[in-house]
2 protein chains.
Amino acid sequence: MIKKEKSITELNASISRVDEICRSNNLGFTDIRRQVFEIIIKNNKPIKAYEILDEIRNITNKPSHPPTVYRAIDFLIENGFVHKLNSINSFVGCFHPKTHEECYFLICKKCNLYQECCDDSLKDRISKTAVHNKFVISNTTLEIEGHCLDCSQK
Amino acid sequence: MIKKEKSITELNASISRVDEICRSNNLGFTDIRRQVFEIIIKNNKPIKAYEILDEIRNITNKPSHPPTVYRAIDFLIENGFVHKLNSINSFVGCFHPKTHEECYFLICKKCNLYQECCDDSLKDRISKTAVHNKFVISNTTLEIEGHCLDCSQK
DNA sequence: TAATATATGTTATGTTATAACATTGCAAAT
DNA sequence: ATTTGCAATGTTATAACATAACATATATTA
């Protein structure tokens, strides 16, 4: 459920998967891109671009600048490895890249943990709404904010 | 359908409705708030805060500053008279305020026109997803970007 | 090895949004 | 009538988020 943190194993699996996808698609999974991806998925919560920048600076002890981070993020988003949460200007890792186009989210306002919730019934419903309005979808933002079980019990 | 512009009559009706709601709820529908609301709904397309600011400056010929606009927007959003489209940092008027909590949108990337699409089946589906995840919703961002009928035919 | 493409470094700036405090105007309490 | 309190607005400054433009480096391949 939403509060579950990702284990080291899961994180490593996720990194390997992306590595693999990049290799087989001839995408350069460069050091920076890998670092940014790792920072995002290890963070466990949505993370902001400038927070990523701070971490990069800490790790590398070199001057780093916003474009470096934003470029890496762009790459990761383009290839479906991370998603942007528009409602909070933050980024989250995708734990099943390439298995679906759209990704929907539950975001807890209290603990900040999030969960992907990409059920097909939801996708179908959105798709039907679009068809009904003669609308061709290119991308969907669905971000459900509220409180997760743990936080709403407190 | 999505391409339909609002008529003067509809715009006036919308303003009157908000006026009425404010009166009966003891909300100050001040000059600035009214101006910002009118600018937003007359614009017909999602509008950005700084575009609103420019218009205010043109109308009043006085120095105006971002907080003025953002405060008015906050008021209008709090009371359900306008919505923010997080995916494009823009604001749109709501043509049926107080009749539903959540509002979903179709946004055409080509012509920029938008449409509210708040069908109950969609709302139910989202609600079910939340329940299934033991999640209590406080607010939902659903923004479907793509092409409207007219624009996808061209 | 030169030419090309891809990625990154760097500087500067653009865009979006809010904090903090001063001022105004109006309405209720004295 | 005067003070007090409050909601709204004015104003300055800056925070937070994001990209343009150009220089440099690194890798590929002709």
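Throughout, a chain's letter reflects where its sequence line sits, starting with A, and its residues are numbered from 1.
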Worksheet item: When you look at A:I137 and B:H147, which way does the side chain to side chain contact (heavy atoms under 4.5 Å, CB included) test go after all the steps?
Response: CA-CA 7 Å; A:I137 298 178; B:H147 296 299; over 6 Å; no
Worksheet entry | Counterpart residues, side chain to side chain donor-acceptor pair (under 3.5 Å), relative to A:E116 (two or more places apart) | A:H96
Practice prompt. Find the distance B:D54:CG to C:dT15:P and express it as a whole number of Å.
Written response: 11 Å
Fill in: Whole-Å gap separating P (D:dA16) and CG (B:N89)
16 Å
Worksheet item: Side-chain contact, heavy-atom cut-off 4.5 Å: B:Q35 with B:T60?
Response: yes
Discussion item. I need the OH-P distance between B:Y50 and C:dA17, as an integer number of Å.
Written reply: 8 Å
Fill in: Any side-chain heavy-atom pair of A:N133 and B:Q115 under 4.5 Å
yes
Worksheet item: Is there a residue in residues 22-32 of chain A whose heavy atoms reach under 4.0 Å of DNA chain C, and which residues are they?
Response: A:T30, A:I32
Worksheet, complete the sentence: Here the gap from B:K45 atom NZ to B:C108 atom SG, rounded to the nearest 0.5 Å, amounts to 9.5 Å
Worksheet entry | Gap between atoms CZ and C1', on B:R33 and D:dA8 respectively (whole Å) | 7 Å
Practice prompt. Taking the side chain as every heavy atom from C-beta outward, state whether B:K128 and B:V131 have any pair of such atoms under 4.5 Å apart.
Written response: no
Discussion item. So A:E145 and A:I88, do their side chains get closer than 4.5 Å, heavy atoms only?
Written reply: yes
Worksheet item: Contacts to DNA chain C from residues 67-84 of chain B, heavy-atom cutoff under 4.0 Å, which residues?
Response: B:P67, B:Y70, B:R71, B:K84
Worksheet, complete the sentence: From the candidates C:dT10, D:dG10, D:dA18, the one with an atom nearest any side-chain atom of A:A49 is D:dA18
Worksheet item: Just how far, in rounded Å, is P of D:dT11 from CD1 of B:I56?
Response: 14 Å
Practice prompt. Send over the distance from A:I88 CD1 to D:dA16 C1', rounded to a whole Å.
Written response: 14 Å
Practice prompt. Take atom NE2 of B:H65 and atom P of C:dT16, then tell me their distance rounded to the nearest Å.
Written response: 19 Å
Practice prompt. Evaluate whether atom CG of A:N58 has more than 12 neighbouring non-hydrogen atoms of other residues, nucleotides or ligands under 6.0 angstrom away.
Written response: yes
Practice prompt. Could you check how far CD1 of A:I52 sits from P of D:dC17, rounded to whole Å?
Written response: 11 Å
Worksheet item: How would you list all residue pairs meeting ring-ring contact (aromatic ring centres under 6.0 Å, His included) that involve residues 54-93 of chain B, not counting sequence neighbours?
Response: B:H83-B:F105
Response to the item:
Within residues 36-43 of chain B, those residues having any heavy atom closer than 4.0 Å to DNA chain C are none
Worksheet entry | Results of salt bridge (charged side-chain N to carboxylate O under 4.0 Å, His left out) for B:D19 - residues two or more places apart only | B:R23, B:R34
Fill in: Any A:K48 side-chain N or O less than 4.0 Å from OP1/OP2 of D:dC17
yes
Practice prompt. Take atom CG of B:N25 as the centre, draw a 6.0 Å sphere, and report whether it contains more than 12 heavy atoms from other residues, nucleotides or ligands.
Written response: yes
